[in-house]
Amino acid sequence: MSQICIRVKDLLKTYKDLIAVNRISFDVRAGEILGILGPNGSGKTTTLKSILGLIEFDEGTIEVNGVSVTRQRKEILKNVGAVLEGARNIYWHLSPRENLTYFAGIRGIPEKAIRERATYLLESMELSDVADKEIRQFSSGMKQKCALACAFIFNPSILLLDEPTLGLDVEIRRTIRDWLLKVVKEEGKTILITSHNMDFVESICERILIIRRGEIISHETVKSLKEKFSRKHFRIDLENEPQGRLLDEISALGNVSASGRSIRIELETANHLIPLMRILDEAETHMLDFRTVENDLEDIFLEMIREEAE
Ligand code: ADP
Ligand code: MG
């Protein structure tokens, strides 16, 4: 078992009456990519900000490499790079190379080392061609790649990434995914990443922690999560009796039986949930209810799919 890098214990964070994070505990092991998956408002950003010491939490403890964030924040930040969601993580009126030089400079990295590392990062992020152009004009995907490179310029052993692929297209997502996998494999980094995109975390993490309304509802490997999601039965209640065409479309996704306004379907794979929701959205009849087996995982999955589709 590898060493524990980040240890969050009984973390509680409230905003007045609202419990944003409700006594969660988890560990991140050295050399792994741990994903925190959850719909909007579930407490992902609050958790990352607590680890970075950017907000004061009510109760609990957070340690990074055995050092307490409440007592020795500065010490911790020496080893942690971060890209927060929705934040201006880089300077838009500077170029990628200038940003990299700036962020390395404030960390006290020697000039020669900065130049070498900046060139390496620009290359690995496919930004060499635009290295000296003003970031302002870049696409959001390029800006994000630049922010990731800047978070990484001082060679931290840990990266905290908050929804790094939010709103980015598939191709950029893939570049970022490959880059993160490479960084972990070749440089032994540890990454804690949040997302509300199941596919993305699945493709990058070995373990996933699912949170909802500030609570961890599942903490397991991608493999066992997939097993849980695979071949599930769903019951869908519609406003009107489904027409033949709707049933035909749904039948392409798994075994279907219909009685009155109720449909039962056994999906062939969990991935079919997304097309199923699309078909139902576009159908002439409204969906009144969508039910699954006992546990909460499906509900959260459906919430995330809805957000993705929006
Ligand atoms: P996520 O990142 O999973 O979308 P957040 O951690 O941003 O969720 O938010 C968790 C909850 O805390 C949400 O209900 C959100 O509205 C609330 N919240 C976050 N930041 C603040 C704040 N500064 N003041 C009040 N409520 C906040
Ligand atoms: Mg967030």
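Worth knowing before you read on, the calculation uses all heavy atoms, side chains too, and leaves out hydrogens, waters and symmetry mates. Indexing begins at 1, ligand by ligand and atom by atom, following the structure's order.
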Q. Between Asp27 and Arg7, is the closest basic N to carboxylate O distance under 4.0 Å?
A.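 Between Asp27 and Arg7 there is a salt bridge, with a charged N closer than 4.0 Å to a carboxylate O.
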
Q. Does a side-chain N-to-carboxylate-O contact under 4.0 Å join Arg235 and Asp237?
A.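 Salt bridge between Arg235 and Asp237, a charged N being under 4.0 Å from a carboxylate O: yes.
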
Q) Is there a donor-acceptor pair under 3.5 Å between the side chain of Asn89 and the backbone N or O of Leu84? A)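 Such a contact is found between Asn89 side chain and Leu84 backbone.
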
Q: Hydrophobic side-chain clustering at under 4.5 Å (ILVMFWY, transitive links): who's grouped with Leu12? Put none if nobody.
A: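 Noted: Leu12 shares its cluster with Ile19.
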
Exercise: identify the closest heavy-atom pair between [X] and [Y]:
X      : Y      : value
Leu34  : Leu209 : CD2-CD1, 3.9 Å
Ile76  : Val67  : CD1-O, 3.3 Å
Glu239 : Arg261 : O-CD, 3.0 Å

Q: Using heavy atoms and a cut-off under 4.0 Å, could you grab the residues that are in contact with ligand 1, chain by chain, numbers ascending?
A: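 Residues within 4.0 Å of ligand 1: Tyr15, Leu18, Ala20, Pro39, Asn40, Gly41, Ser42, Gly43, Lys44, Thr45, Thr46.
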
Q | Sub-4.5 Å side-chain heavy-atom contact between Leu166 and His196 | A |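 Yes, close enough: below the 4.5 Å cut-off.
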
(Q) For a distance under 2.8 Å, give residue and atom name for each protein N, O or S atom next to the Mg ion (ligand 2). (A)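 Listed by chain and number: Thr45 OG1.
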
Side-chain donor-acceptor contacts of residues 118-130 below 3.5 Å, not counting sequence neighbours, with atom names and distances?
| from | atom 1 | to | atom 2 | distance (Å) |
| --- | --- | --- | --- | --- |
| Thr119 | OG1 | Arg115 | O | 2.9 |
| Tyr120 | OH | Glu187 | OE2 | 2.8 |
| Ser124 | OG | Tyr120 | O | 3.4 |
| Ser124 | OG | Leu121 | O | 3.2 |
| Ser124 | OG | Trp179 | NE1 | 3.0 |

